[in-house]
Number of protein chains: 2
Amino acid sequence: MTEAIRTWQGVMEEVRRRIHARDWPPGALIPNEADLAAEFGVARATVNRALRTLAEAGLLDRRRKAGTRVALQPVAKATLDIPVLRLEVEARGKEYGYRRLARTEAPPPDDIATAMQTGDAPLLHIRALHLADDRPYALEDRWINPGVIAAARDEPFIGISANEWLLAHAPYTHGEIGFSATNARAPEAAELGCATGSALFVLDRLTWDHARAITRVAIFYAPGHRMRTGL
Amino acid sequence: MTEAIRTWQGVMEEVRRRIHARDWPPGALIPNEADLAAEFGVARATVNRALRTLAEAGLLDRRRKAGTRVALQPVAKATLDIPVLRLEVEARGKEYGYRRLARTEAPPPDDIATAMQTGDAPLLHIRALHLADDRPYALEDRWINPGVIAAARDEPFIGISANEWLLAHAPYTHGEIGFSATNARAPEAAELGCATGSALFVLDRLTWDHARAITRVAIFYAPGHRMRTGL
DNA sequence: AAGTGGTCTAGACCACGTC
DNA sequence: ACGTGGTCTAGACCACTTT
């Protein structure tokens, strides 16, 4: 006989195996926690941990009273780590560099003002270049709400990037992140040292402290950038 | 006095509040599980669940014996849901459409063969268009390993997209997913109905059944596509 | 050696959603 | 109404890592 199951990881593996082997085909109702606990000879809490983890991974659908079913369309969930740019560069074994390009205080364009709900108040605008081995790695275009982070008014963002400074000075409660692609316009092309029209991978992020927007940033990665993760 | 904490979510909120309020600044060692359990008047398992969740979110660093610390660089973790294209379109309230453009069996280009480790064996190649309200939504370019999924040889992929068919017929054990940006070449531009050179958001995925590659797909989204998620 | 998180157990009560 | 998952508890043992 095969080795007995003792841990929640063991239960998870066995359940995963049965799904994969089509013992429990897509859409099938699987036994409830109590029955599985009895079958495997473990406590229900152990089964719960295993099934809950698989549900979070999108492999199972769980509903009270209705029971647990194998997902029909296993929605792939990709978890991306978005580190500070400096660490991202260093993780690739390259030397990190930083150069602030501009720092002004001005009313933002309409889309930024709308997204941040700051009305017509002027915001801090920072534009900076992040380098890997002295070559452009990513361009940061950021708007900061000084009404929330007053200390930002006294920070030149020359020795330290806003990317990093904000992490230490402006904790956020929640936020939104987006990924898209855009053609480099003339400014981005000049700053990143690529051709106008090059396809750039863009990450944008909007963070909040409760009901107040802290900052909105767009990171334009140099051409060829690829963000990856496991499934 | 404020309301008593009873649930692991409650513990998590309180811990989050203390971090946010700098009661526990970045890098600080926080009390151990037993002490927190006593303070909050809950069982240790409840505290464990709360702290474990925060650690998974990147807000805490936990190590046996060393204890639990507030993360210095809270690595933002963004979890993206990658649904089937049909559901993605329907979720936007649009009518889904599908059109297969090509289906051949041929040796793949070197980069595909290398990534899939299929040597010089011929693979199934499918190219198809996904539509939203009759307008191009995304272009699918896929290579399937018929050595693993023999049934794919008998499927024309006309009535159902490979995107969806494979989910039902080819469970995978693990995979890799990547995001990038690319300029539309002439074929993509023609198929998506956009200008040559347009910046396209590209999702690529490689899935495995244990040690054998099942399929490799690139999804070219029509210009302007943005993938988003909360933080 | 000792402290900390990681996990398991057995039992209990509860919330929710379906029937 | 009632079955299912969601969670809490109190206690225990274990694994890992640092001291």
Side-chain angles (χ1 to χ4, degrees), chain A residues 2-16 18-19 24-72 74-75 77, chain B residues 2-16 18-19 23-72 74-75 77 79:
Chain A
T2 66
E3 198 152 328
I5 291 171
R6 298 179 180 288
T7 68
W8 68 266
Q9 290 97 334
V11 173
M12 188 172 74
E13 270 323 295
E14 174 59 15
V15 171
R16 205 196 281 280
R18 291 185 186 184
I19 293 172
W24 293 336
L29 189 63
I30 77 173
N32 68 31
E33 294 188 348
D35 289 349
L36 286 175
E39 182 194 337
F40 295 139
V42 300
R44 182 162 80 94
T46 305
V47 173
N48 178 273
R49 174 90 189 260
L51 298 188
R52 176 160 43 84
T53 303
L54 287 173
E56 281 165 6
L59 224 63
L60 294 176
D61 282 334
R62 317 194 75 195
R63 272 152 56 210
R64 282 164 149 128
K65 166 74 179 173
T68 300
R69 290 179 180 280
V70 178
L72 276 173
V75 176
K77 308 216 172 179
Chain B
T2 65
E3 198 151 327
I5 291 171
R6 297 180 182 288
T7 69
W8 68 266
Q9 290 97 333
V11 172
M12 187 172 75
E13 270 323 296
E14 173 59 14
V15 171
R16 206 197 281 280
R18 291 184 186 183
I19 293 172
D23 290 350
W24 293 335
L29 189 64
I30 77 174
N32 67 32
E33 295 188 346
D35 289 349
L36 286 175
E39 182 194 338
F40 294 140
V42 300
R44 182 163 79 95
T46 305
V47 172
N48 178 273
R49 175 89 189 260
L51 298 188
R52 176 161 42 84
T53 303
L54 287 172
E56 281 165 6
L59 224 63
L60 294 176
D61 282 334
R62 316 195 75 195
R63 272 154 55 212
R64 284 166 150 127
K65 166 74 181 175
T68 300
R69 291 178 179 281
V70 179
L72 278 172
V75 176
K77 308 216 172 179
T79 303

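Sequence lines set the chain letters: A, B, ... in the order given, protein chains first and strands last, and positions in each chain run from 1.
- Looking at heavy-atom distances under 4.0 Å, Arg63(B) makes contact with sugar-phosphate atoms alone, never a base.
- Atom CZ of Arg52(A) sits about 6.0 Å away from atom CD of Glu56(A), to the nearest 0.5 Å.
- One atom, CD1 of Ile5(A), and another, C1' of dC8(C), lie 14 Å apart when rounded to the nearest Å.
- Positionally, the nearest nucleotide of DNA chain C for Gly67(B) lies more toward the 5' end than for the other of Gly67(B) and Ala45(B).
- Of the charged side-chain nitrogens involved, at least one lies within less than 4.0 Å of a carboxylate oxygen, so that Arg62(A) and Glu33(A) count as a salt-bridged pair.
- In this structure, Leu36(B) places its CG atom 14 Å from P of dT9(D), rounding to the nearest Å.
- The residue Arg49(A) sits close only to the backbone: its heavy atoms come under 4.0 Å of sugar-phosphate atoms, none of a base.
- Within the 4.5 Å cutoff, side-chain heavy atoms of Ile19(B) are placed close to those of Leu60(B).
- Residue-to-nucleotide contacts include a donor-acceptor pair under 3.5 Å from the side chain of Arg44(A) to the base of dT7(D).
- Put simply, CG on Leu54(B) is 14 Å from P on dG5(C), counting in whole angstrom units.
- Side-chain contact between Ile5(A) and Thr46(A) is absent, with no heavy-atom pair separated by less than 4.5 Å.
- The side chain of Trp8(B) sits closest to dC8(D) out of dG6(C), dC8(D), dG5(D).
- At whole-Å resolution of the value, NZ in Lys65(B) and P in dA2(C) are 10 Å apart.
- Protein atom CG of Leu29(A) is 13 Å distant from nucleotide atom P of dT18(C), rounded to whole Å.
- Listed pair Asn32(A) / dT4(D) meets the phosphate criterion, a side-chain N or O lying under 4.0 Å from OP1 or OP2.
- Between Glu33(A) atom CD and dT4(D) atom P the separation is 11 Å, expressed in whole Å.
- Using a 4.0 Å cut-off, no side-chain N or O of Arg52(A) falls inside it from OP1 or OP2 of dG6(D).
- Closest to the Ala43(A) side chain, of the nucleotides dT9(C), dT18(D), dA15(C), is dT9(C).
- Contact between the side-chain N/O atoms of Thr68(B) and the OP1/OP2 oxygens of dG5(C) is found at a separation under 4.0 Å.
- Taking atom CZ of Arg6(A) as the reference point, atom P of dT7(C) lies 16 Å away to the nearest angstrom.
- The CG atom of Asn48(B) lies 9.0 Å from the OG1 atom of Thr68(B); values are rounded to the nearest 0.5 Å.
- Taking only side-chain nitrogens and oxygens, Thr46(B) never comes nearer than 4.0 Å to OP1 or OP2 of dT7(D).
- For Gln9(B), no side-chain nitrogen or oxygen approaches OP1 or OP2 of dG6(D) to under 4.0 Å.
- As rounded to whole Å, 14 Å separates atom P of dT7(D) from atom CG of Asn48(B).
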